Amino acid sequence: MNELFLLKLGEMVLKGLNRRRFEDQLLGNLRRRLAPYGSFRMYTLQSICYVEPQNEGCDLEGAYDALKHVFGVASVVRAHSCEKTAEDFVRAAVEYLSDDLRTAKSFKVESKRSDKTFPMTSIQLSQYVGGCLAERFPETPVDVHNPDLTVHLEVRDYAGYVYAGGEAGAGGLPVGSSGRAVALLSGGIDSPVACYMMARRGVRLDCVHFFSYPYTSNEAKDKVLELASLITPYTGKLCVHIVPFTKIQEMLREKCPEPYFTIAMRRFMMRISELVAQRIQAGALVTGESLGQVASQTMEAMACTEDAVTLPVFRPVVGMDKDEIIHTARQIGTFETSILPYEDCCTVFTPRHPRTHPAVAELREIEAGYDFEGLCQEAFQQIERVVIPVRDSGV
Ligand code: ATP
Ligand code: MG
């Protein structure tokens, strides 16, 4: 097979001695992600990752779509390999790109030469191949300034490559290269976006969801599992830890002064999430909080929720406007599910007048009235775990 994918590596090419570790992580992730689409050979050379289908049975459409969701990849192109001679570049371009060349309004040829033993300069190669193609497709004019179609030629170590088009990749760093974190996943708009953003920085995630049956329904839980599933093309396989939260919320309703209810509840969430993090050896917590969005997301409120844990808390959407978060949610395909009208455990017990500037000392005093640690441990022991496989990104 002469068709293959060329993946341009992203930010990791800037890594010095560590670069190998990032590349290995990426290759491992690619291998897992492409397994459902057939057998592929993969290797990295300079700043390119080569992905070669090994037989006719490979699903190249499916693979292409999956590749566009893999973090660490700056761009993805489907290319054709050829011999490293000017004539074979022409033959390959005619063979593989004839439809594009025939229908384009104009074209130009651009060459890159990393094999310095190749006898022509890149300009000479472009001119030669461009001239031959102009003869073969006389109805398509050459336009070197603003072409409708650019035919790319690359002279690399092992072969020549011809392609047109290509798309931006998912960017970021390979998942797993920045460690592991536990993300608090609600059914809202913000937390799936937060997960996506941390995965993009190379973080492998587990999700925690707090579930208050019967105050929140099984549909609400299914919605969260669906949101987790929707982000798997980016994050890879996800484990969702479902924490029974009813007892804690009922206790708080009884014992916690109403204005502090939400913050007190969020301290429980953070602490239980930290127990999960300790169990799986994760190094941080992730939430979808955005500064000033609601009463529990003021600076003071965040200080109070953070006081319940020692791990760093990442809030990747903290500085984003709601419409920016929504824009990203649409882009990654979670928005429509997030706005389905199922109640979240936070909305069930919302205080009428929440305290917007709580002090850590006040929360600690309230907690002295109940067995905070014991309740956290009990909920932690009763966690239900659901493993979500990577779904087809085209769905
Ligand atoms: P989201 O859109 O992510 O639900 P939100 O704007 O509704 O966020 P809150 O309800 O205050 O804000 O929640 C803030 C963050 O707390 C969420 O982004 C999420 O990380 C976490 N969180 C809230 N409810 C839950 C829950 N039931 N299970 C897990 N995490 C939760
Ligand atoms: Mg919410």
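Just so you know, ligand 1 is whichever comes first in the structure, and atom 1 is the first atom listed for that ligand. Nothing here was measured: the structure is a model prediction, and the numbers come from that model.
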Subject >> Residue among Tyr163, Tyr96, Tyr161, Phe89 satisfying ring pair (Phe, Tyr, Trp, His ring centres under 6.0 Å) with His80 >> reply: Tyr96
Subject >> Side chain, backbone, both or neither: Val208 near ligand 1, heavy atoms under 4.0 Å >> reply: backbone
**OP:** Heavy-atom contacts with Gly188 under 4.0 Å: which atoms of ligand 1 show up? List them by number with element.
**Re:** 1 (P), 2 (O), 4 (O)
Subject >> Asp190 N/O to ligand 1 N/O under 3.5 Å >> reply: yes
**OP:** Would you mind finding which of Ser296, Ser186, Pro192 brings a heavy atom closest to atom 31 (C) of ligand 1?
**Re:** Ser186
Original post:
Of Leu60, Asp65, Asp392, which is the lone residue that meets side chain to side chain contact (heavy atoms under 4.5 Å, CB included) with Tyr37?
Top reply: Asp392
**OP:** Just jot down the ligand 1 atoms closer than 4.0 angstrom to any heavy atom of Gln293, in number order.
**Re:** 6 (O)
**OP:** Please work out whether any backbone atom (N, CA, C, O) or any side-chain heavy atom from C-beta onward of Val224 is under 4.0 Å from ligand 1, and answer side chain, backbone, both or neither.
**Re:** neither
Original post:
Taking N or O atoms only and a 3.5 Å limit, does Leu184 qualify as a polar contact for ligand 1?
Top reply: yes
Subject >> Salt-bridge criterion met for Lys15 and Glu23 (N-O under 4.0 Å) >> reply: no
Original post:
Given His209, Arg266, Glu289, which has its nearest heavy atom closest to atom 13 (O) of ligand 1?
Top reply: Arg266
Subject >> Lys/Arg cation over aromatic Tyr370: Lys255, 6.0 Å, 45° cone >> reply: no
Original post:
Is the shortest N/O to N/O distance between Ile189 and ligand 1 below 3.5 Å?
Top reply: yes
Subject >> Over-ring placement of Arg330 relative to Phe335, 6.0 Å and 45° cut-offs >> reply: yes
Original post:
Under 4.0 Å between a Lys/Arg side-chain N and an Asp/Glu carboxylate O for Asp88 and Arg91?
Top reply: yes
Subject >> Any Glu306 side-chain heavy atom under 4.5 Å of Arg315 side chain >> reply: yes
Original post:
Does a side-chain heavy-atom distance below 4.5 Å link Val73 with Leu26?
Top reply: yes
Original post:
For ligand 1, which atoms sit closer than 4.0 Å to a heavy atom of Gly288?
Top reply: 17 (C), 18 (O), 20 (O)
Subject >> Identity of the nearest option to atom 29 (C) of ligand 1, non-hydrogen atoms only, from Leu185, Ile242, Val317 >> reply: Leu185
Original post:
Which ligand 1 atoms, with their elements, are less than 4.0 angstrom from a heavy-atom of Thr287?
Top reply: 20 (O)
